[in-house]
Amino acid sequence: MMLALRRACIFRALVFMAFLPPPQRAQDPAMVHYIYQRFQVLEQGLQKCTQATRAYIQDFQEFSKNISIMLGQCHTYTSEYKSAVHNLALRVERAQREIDYLEYLREADACVESEDKVLAEKLVQEAEEDQRIRMLLNASCDNMLMGIKSLKIVKKTTDTDGSWMKDAVSDSPKVYVFIGPRNNTVWEFANIRAFMEDSTKPAPRKLILTHSWQGTGQVIYKGFLFFHSQGTPNEIIKYNLQKRIVEDRMLLFGGAGRALAYQHSPSTYIDLAVDEHGLWAIHSGPGIRSHLVLTKIEPDTLGVEHSWDTPCRSQDAEASFLLCGVLYVVYSSGGHGPHRITCVYDPLGTIMEENLPNLFFPRRPRSHSMIHYNPRDKHLYAWNDGNQMIYKLQTRRKQPLQ
């Protein structure tokens, strides 16, 4: 700053000297006096400038000193603040850990209580479900299959696949014949003798259904025909044989209709059955190596009452039937004999495998197209290689429920 002021004063002196008179007039006393006064004024100005500059420098030094002191204080305060913040962060972190631990203890107690509650509810639900199933299957029937007593070939036709039956519960002697795995024509015979002897009068009645069936799993129950509708994966039709109209229909879920129910029955995707407990459906469950699914159906409303995933495989199976609420699945090797029951499923768990004898059917050259149990006469109605047959059964009482 001082250097700049000095340069300014020198510049003014040089400017002033530029206006001096020529040398020949320099000895003029008045001019000399004038110049002397001007130099005095200039010196006074320089002195004032120097004093002001010194005062400014002194003020600036004091200001710098104050600023340095304040900066030092700020640095001290900053360090103290950082230390306080750090200590506060440590205390917050410690408090958070304690809160997390307390929360963990609370959640652990809640989880234990929740698991105990869920387990208790599950046990109650299982007990209620077991009681409901026992009530659902609580009928006077308590027999279990012990063997195939005899075989009677009622008639032989040229049709490899088909099914035949009587009404499972009514006293009607009528016989119904379903020829082929897909058709809509049902033959109604007055009785089994009329079916056996073609020349016997009256002639069979021809019933044309409004829908075709799929497979050989049809049943007749209380005057109604129940069958799997052709062209649908899982539709069950309830058909009134007297009025010749569709009374009702339902969709059977749980993977029904996606795969064959039995490996050696290449047209049956849903097999219907009737026993002392009512109407059932058997079909293959989901998966490559699927097992059979057993479903209890309410015949009046076509509502599903309950379903069970059974341990019985579809592989190598050819047919199945129910007797007193127990599923019996017939297997054969390659579709040829021997035909034997190697899987039995009891929803109530009253039949143990160690109590079962070897259940064999008389050897036949081909697998069965259908095997259905009739709870009214306690026989099995079967179709094998064009032969319509009746199997008489040997049974005994099941073990009572504990």
Side-chain angles (χ1 to χ4, degrees), residues 157-165 167-168 176-188 204-274 279-288 290-305 307 314-315 317-321 335 367-372 381-383 386:
T157 64
T158 58
D159 301 291
T160 303
D161 297 317
S163 62
W164 73 293
M165 67 202 68
D167 193 311
Y176 298 88
V177 179
F178 302 79
I179 299 175
R182 299 173 186 85
N183 207 334
N184 69 335
T185 302
V186 182
W187 294 96
E188 180 187 274
R205 187 169 66 141
K206 185 178 182 181
L207 306 177
I208 305 298
L209 307 180
T210 57
H211 295 72
S212 296
W213 67 75
Q214 169 70 44
T216 58
Q218 308 84 9
V219 295
I220 296 177
Y221 184 71
K222 296 183 179 180
F224 294 96
L225 168 64
F226 297 85
F227 63 92
H228 177 198
S229 179
Q230 182 186 359
T232 67
N234 58 346
E235 184 180 57
I236 306 298
I237 288 182
K238 178 182 179 180
Y239 191 86
N240 192 316
L241 291 173
Q242 296 299 322
K243 298 179 181 180
R244 300 191 183 186
I245 60 171
V246 174
E247 193 80 17
D248 202 352
R249 63 184 72 201
M250 71 172 292
L251 295 178
L252 190 62
F253 296 103
R258 297 180 183 176
L260 292 172
Y262 316 114
Q263 180 183 357
H264 298 311
S265 183
S267 60
T268 302
Y269 290 83
I270 300 176
D271 190 14
L272 300 172
V274 175
L279 181 63
W280 303 79
I282 304 103
H283 63 84
S284 178
I288 299 176
S290 57
H291 291 71
L292 295 178
V293 177
L294 177 64
T295 301
K296 183 72 174 62
I297 300 175
E298 210 293 317
D300 295 330
T301 63
L302 289 187
V304 173
E305 295 183 288
S307 288
S314 295
Q315 184 179 1
E318 60 180 68
S320 71
F321 60 91
S367 61
H368 291 85
S369 176
M370 57 81 66
I371 300 177
H372 281 172
Y381 288 71
W383 189 299

Review point. If you take all heavy atoms of Ala256 and Asn234, which pair is closest and at what distance?
Key: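 What the structure gives for the nearest pair is O-CB, 3.5 Å.
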Review point. Shortest non-hydrogen contact from Gly254 to Val293?
Key: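 Shortest heavy-atom contact: O-CG2, 4.5 Å.
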Donor-acceptor contacts, no H, no angles, side chain residues 265-273, under 3.5 Å, sequence neighbours left out:
| residue | atom | partner | partner atom | Å |
| --- | --- | --- | --- | --- |
| Ser265 | OG | Thr268 | OG1 | 3.2 |
| Thr268 | OG1 | Thr216 | N | 3.1 |
| Thr268 | OG1 | Thr216 | OG1 | 3.1 |
| Asp271 | OD1 | His372 | NE2 | 3.1 |
| Asp271 | OD2 | Tyr262 | OH | 2.6 |

Review item, side-chain donor-acceptor pairs of residues 243-253, under 3.5 Å, at least two apart:
| residue | atom | partner | partner atom | Å |
| --- | --- | --- | --- | --- |
| Glu247 | OE1 | Asn240 | ND2 | 3.3 |
| Arg249 | NH1 | Glu235 | OE2 | 3.2 |

Check your understanding: Between His228 and Gln214, do the side chains contain an N or O donor and an N or O acceptor separated by less than 3.5 Å?
Key ->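 His228 vs Gln214: no donor-acceptor pair found between side chains.
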Exercise for review: Could you tell me whether the side chains of Ser314 and Gln263 share a donor-acceptor contact shorter than 3.5 Å?
Suggested key: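 Side-chain D/A pair, Ser314 to Gln263: absent.
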In the structure I gave you, are the side-chain heavy atoms of [X] and [Y] within less than 4.5 Å of one another anywhere?
X: Phe227; Y: Lys238; result: no
X: Leu225; Y: Gln218; result: yes
X: Thr157; Y: Trp383; result: yes
X: Phe178; Y: Val186; result: yes
X: Pro299; Y: Leu302; result: no

Point to revise | Passing option when His283 is tested against Leu292, Leu294, Thr295 for side-chain contact (heavy atoms from CB on, under 4.5 Å) | key: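 The passing option is Thr295.
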Can you give me every donor-acceptor pair (side chain of residues 206-213, partner residue at least two apart or in another chain, under 3.5 Å) with its distance?
| residue | atom | partner | partner atom | Å |
| --- | --- | --- | --- | --- |
| Trp213 | NE1 | Gly180 | O | 3.1 |

Review point. Listed by chain and number, what are the side chain to side chain contact (heavy atoms under 4.5 Å, CB included) partners of Val274, not counting sequence neighbours?
Key: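 By the side chain to side chain contact (heavy atoms under 4.5 Å, CB included) rule, Val274 matches Ala168, Val219, Tyr221, Leu279, Pro375.
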Point to revise | Ring centroid separation Trp187 to Tyr176 under 6.0 Å | key: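 Centroid separation for Trp187 and Tyr176: 6.0 Å or greater.
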Review point. Could you state the interatomic distance from CD (Glu318) to NE2 (His264), rounded to the nearest 0.5 Å?
Key: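 Spacing of CD (Glu318) from NE2 (His264) equals 7.0 Å.
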Check your understanding: Which distance, rounded to the nearest 0.5 Å, do you find between the CD1 of Ile179 and the CG of Asp159?
Key ->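 Here the rounded value is 5.0 Å.
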Review point. Who passes ring pair (Phe, Tyr, Trp, His ring centres under 6.0 Å) against Phe226, sequence neighbours left out?
Key: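 Scan of Phe226 (ring pair (Phe, Tyr, Trp, His ring centres under 6.0 Å), adjacent residues dropped) gives none.
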Review point. Considering residues at least two apart in sequence or located in another chain, which fulfil the ring pair (Phe, Tyr, Trp, His ring centres under 6.0 Å) criterion with Phe224?
Key: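 Partners of Phe224 by the ring pair (Phe, Tyr, Trp, His ring centres under 6.0 Å) criterion come out as none, since no residue qualifies.
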